[in-house]
Amino acid sequence: MRKIPMRRVIGRAEFNFLKFENLKEFDDFVAEELADGLSPNNQGMLDQIKESSIERLASGWFGEGKVKDLEELEKHTVFQKPELFQEVEKEIRNSLEVFEKLESTTPVKIKKIAYNSMGFGVFSFDRAAMGLTRIKTQNGKEKITTTVKDVYAWFLNKPIEQRGLKIYIVAGGAAGVQGKQMLYTGMSACVLADYLTL
């Protein structure tokens, strides 16, 4: 199904754009556009990009075996130089030694909000409002109260072991980024995850 461009005006400039929910949706869109055919100008630019990419593949890359074209490149999964992996891992682990020393001498605590009914801390109006209700007193008057007992907020100290961390990897780079430099991104994430687990 063909996507309909959206339009936005910012100041005196007008922009037409497409919004994609995920990478697959974008890939499908590109394949569909290419199947319909490009303008002569865009087709020429695409051909130039393919030619220069194939020239770069011929001059040296990190995959195992020779690659004839870009379609063949997409199917490659074998890495040619495992020693680079070990070299990068060693560099990253060395840089983490500083943190290991700090960790042993400086225990880190994180703050977490806890609630109580004994008056310790700050009264939380939001929490109390969750259980607001009207009741009648013995003399027949109406009174507003809350069914939530723990309405006072204070900070609990929790050990660092209870913390969670998400690691994001950017799987790509600008045209001038070398293969070895790109290796640092994924490798550093792996080494850091291993370090944090230990």
Side-chain angles (χ1 to χ4, degrees), residues 1-81 84-85 88-89 91-92 95-96 99 110-113 124-127 129-130 153 158 160-197:
M1 184 177 159
R2 190 168 288 280
K3 291 185 79 70
I4 299 167
M6 292 181 268
R7 184 173 159 274
R8 181 170 291 164
V9 178
I10 301 172
R12 287 192 277 174
E14 183 180 314
F15 299 92
N16 293 305
F17 63 96
L18 295 171
K19 187 176 179 183
F20 300 98
E21 295 300 321
N22 51 52
L23 188 58
K24 184 181 181 322
E25 194 175 271
F26 172 72
D27 282 344
D28 291 345
F29 166 78
V30 172
E32 192 178 310
E33 290 296 310
L34 289 173
D36 287 349
L38 298 172
S39 69
N41 188 37
N42 286 343
Q43 186 62 54
M45 289 180 74
L46 182 62
D47 292 340
Q48 282 179 11
I49 291 167
K50 284 184 176 180
E51 281 174 34
S52 65
S53 299
I54 291 166
E55 282 173 23
R56 280 178 177 238
L57 288 173
S59 63
W61 69 300
F62 290 107
E64 186 176 306
K66 291 290 178 187
V67 175
K68 298 191 300 283
D69 52 36
L70 298 177
E71 285 74 23
E72 200 174 304
L73 175 63
E74 288 180 8
K75 296 172 188 168
H76 265 270
T77 55
V78 182
F79 188 66
Q80 190 179 17
K81 297 184 178 179
L84 278 179
F85 181 91
V88 171
E89 182 183 17
E91 268 184 60
I92 293 165
S95 67
L96 288 172
F99 296 107
I110 60 167
K111 289 180 177 178
K112 184 173 177 172
I113 293 177
S124 172
F125 289 98
D126 291 340
R127 195 168 171 85
M130 288 191 295
K158 291 280 182 184
I160 194 165
E161 288 79 21
Q162 294 188 6
R163 295 176 77 175
L165 184 70
K166 285 184 180 177
I167 301 172
Y168 294 92
I169 302 171
V170 179
V177 176
Q178 298 296 310
K180 185 179 175 182
Q181 293 170 304
M182 289 178 71
L183 181 63
Y184 276 85
T185 309
M187 190 58 234
S188 58
C190 294
V191 174
L192 181 61
D194 187 38
Y195 167 78
L196 291 171
T197 305

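Because the structure is predicted, anything quoted here is derived from the model rather than measured.
- One distance of note links CZ of R7 with CZ of F17; it measures 11.0 Å at 0.5 Å rounding.
- Interatomic distance, D47 CG to E51 CD, rounded to the nearest 0.5 Å: 6.5 Å.
- For M45, the CE atom counts as loosely surrounded, since its 6.0 Å shell holds 12 or fewer non-hydrogen atoms of other residues, nucleotides or ligands.
- Rounding to the nearest 0.5 Å gives a distance of 7.0 Å between CG of L18 and CE of M6.
- Taking the six-membered ring where tryptophan is involved, the planes of F20 and F29 are tilted, since the angle between them lies from 30° to 60°.
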